[in-house]
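Here the structure comes first, spelled out in structure tokens, and everything after it is commentary.
Ligands are counted one by one from 1 in listed order, and the atoms in each one are counted from 1 as well.
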Amino acid sequence: MGTASDQSSSTPRPPGPAQLAASGVFARALAVAARLGLAELTATQARTSAELAAQTRTDPEMLALLLHTLAMAGVFEIDGEGRFRLGEAYQALHGDHPQSQRHVCILMAETYDDAFAGLLDTVRSGRSGFRAAFGTSLYEYLAAHPEAEAIFDEAMAELARPVARALAARPGFAAAATAIDIGGGSGAFLRGLLDAHPHLRGICLDRPSVCARAAQRAGGAGDARLEFRAADVFDEIPAGGDLYLVKNVLYDWSFDSGLKLLAAARAAMAQTAAAEPGRASPRLLIVEPLFERESDAPRALFQKVICEDGTRGLDEAQLRRLVEAARLRVLGVERLDSGHTVLECAP
Ligand SMILES: C[S@@+](CC[C@H](N)C(=O)[O-])C[C@H]1O[C@@H](n2cnc3c(N)ncnc32)[C@H](O)[C@@H]1O
């Protein structure tokens, strides 16, 4: 058993109230660094703040303040000659890093942070803080703000890539010809699966503005097998898939909205099976991060603020209730290395 003095030397001191309240400074500074491309400029070569100011066309004095602020959090390391280099723990700020979080940082520290202006309203009423702050829902806001929407889509893609790798390694793809991703964003999740399974074709369903942007940017290897189709996934989901996918979508919505989406997926699957009686019955893979521990509280609070009224993080029992209410059978449950839970379902 350790003594009190042992404890004080090994346990990090929690920040004091003023320090914690000021943490938004670092979040916003990080987003500005991401927007200016400072990680890309300092990843392999240490540079002075004057050089960086010239390269980013920013005010030298202000940029020096920004760099020193971020150096306090370890984002940049400062060498003996006062030059800045990207810190080891922040390599993922680089846009080309294999696990890049560049757009996630911008989204979190800008649009989402702005929505947290509605937190007091959420805590008082349980309603969406996003709506309190912006007067509209997240997706209506994004549809009206294409630059913010492009950042959102890229952020989702950054978060989806490692999950696609983890799911692609799972058996069950060999027998499938067509995968349909419901609310699949800019297609990064499907792309990851198509790259790993060259026989597979994919249809990505999302809102019209997301599909139009993604289709315009497509053109990489494998994209010939990827189609973007604008759809309201609460209303109609096309038949013809062997595998239907729902990833990081259900936890964004209330029980009633989630039920609508799953009912539309079930109808599509039933229609597929009825059109070709000999065909193997389609499967739905629900890939969601579950909320099961007290330490999930910040993520659950986040969902309450950002998403529609009535949303909260789902635990496995709640997800199963939703699936059963949509008259889907759960065939299996497994946990991916990414931390997501996969529920395999059939009508
Ligand atoms: C949290 S994002 C997840 C994106 C993607 N599944 C992933 O995990 O990267 C939710 C997605 O649902 C889409 N979405 C929201 N409402 C929709 C609707 N009514 N019809 C189609 N897609 C919708 C959003 O545009 C967004 O791309």
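Using cut-offs of 30° and 60° for the angle between ring planes, the Y251 and F291 rings count as tilted. Ring-plane geometry between F116 and F302 is classed as parallel, the angle between the planes falling under 30 degrees on a 0 to 90 degree scale with a further cut at 60.
Residue contacts with ligand 1 for A231 involve N, CA, C or O but no side-chain atom from C-beta outward (heavy atoms, distance under 4.0 Å). Only the side chain of D252 comes within contact range of ligand 1, with a heavy atom under 4.0 Å; no backbone atom does. At a heavy-atom cutoff of 4.0 Å, ligand 1 is contacted by the side chain of F234 but not by its backbone.
The nearest protein atom to atom 2 (S) of ligand 1, hydrogens excluded, is given as Y139 OH, 3.7 Å; this is a heavy-atom distance. Nearest protein neighbour of atom 3 (C) of ligand 1, counting heavy atoms only, is N248 O, 3.5 Å. Protein heavy atom nearest atom 5 (C) of ligand 1, with residue, atom name and distance: G183 O, 3.3 Å.
Side-chain contact annotation: E308 with S254, donor-acceptor N/O pair under 3.5 Å present. Side-chain atoms of Y139 and D252 include a donor-acceptor pair closer than 3.5 Å.
Considering backbone and side-chain N/O of L205, none are found under 3.5 Å from N/O of ligand 1. Considering backbone and side-chain N/O of V233, one or more are found under 3.5 Å from N/O of ligand 1.
Across I182, D206, L250, heavy-atom proximity to atom 26 (C) of ligand 1 is greatest for D206. For atom 17 (C) of ligand 1, the nearest non-hydrogen atom from the set E288, K247, R207 comes from R207.
Listed by chain and number, the residues in a salt bridge (charged side-chain N to carboxylate O under 4.0 Å, His left out) with D113 are R28 (sequence neighbours excluded).
Here L65 is tied into one hydrophobic group with M62, each link being a pair of ILVMFWY side chains closer than 4.5 Å.
At distances below 3.5 Å, not a single donor-acceptor pair connects side-chain atoms of T311 with backbone N or O atoms of C307.
Between D232 and R207 there is no salt bridge, since no side-chain nitrogen of the basic residue lies less than 4.0 Å from a carboxylate oxygen of the acidic one.
Among Y112, F152, F130, the one residue that satisfies the ring pair (Phe, Tyr, Trp, His ring centres under 6.0 Å) test with Y141 is F130.
Remark: ligand 1 atoms within the under-4.0 Å shell around heavy atoms of D232 are 18 (C), 19 (N), 20 (N). The atoms of ligand 1 that sit less than 4.0 Å from any heavy atom of G185 are 27 (O). If you number the atoms of ligand 1 from 1 as listed, the ones under 4.0 Å from a heavy atom of W253 come out as 15 (C), 16 (N). Against a heavy-atom cut-off of under 4.0 Å, A160 is close to the following atoms of ligand 1: 9 (O).
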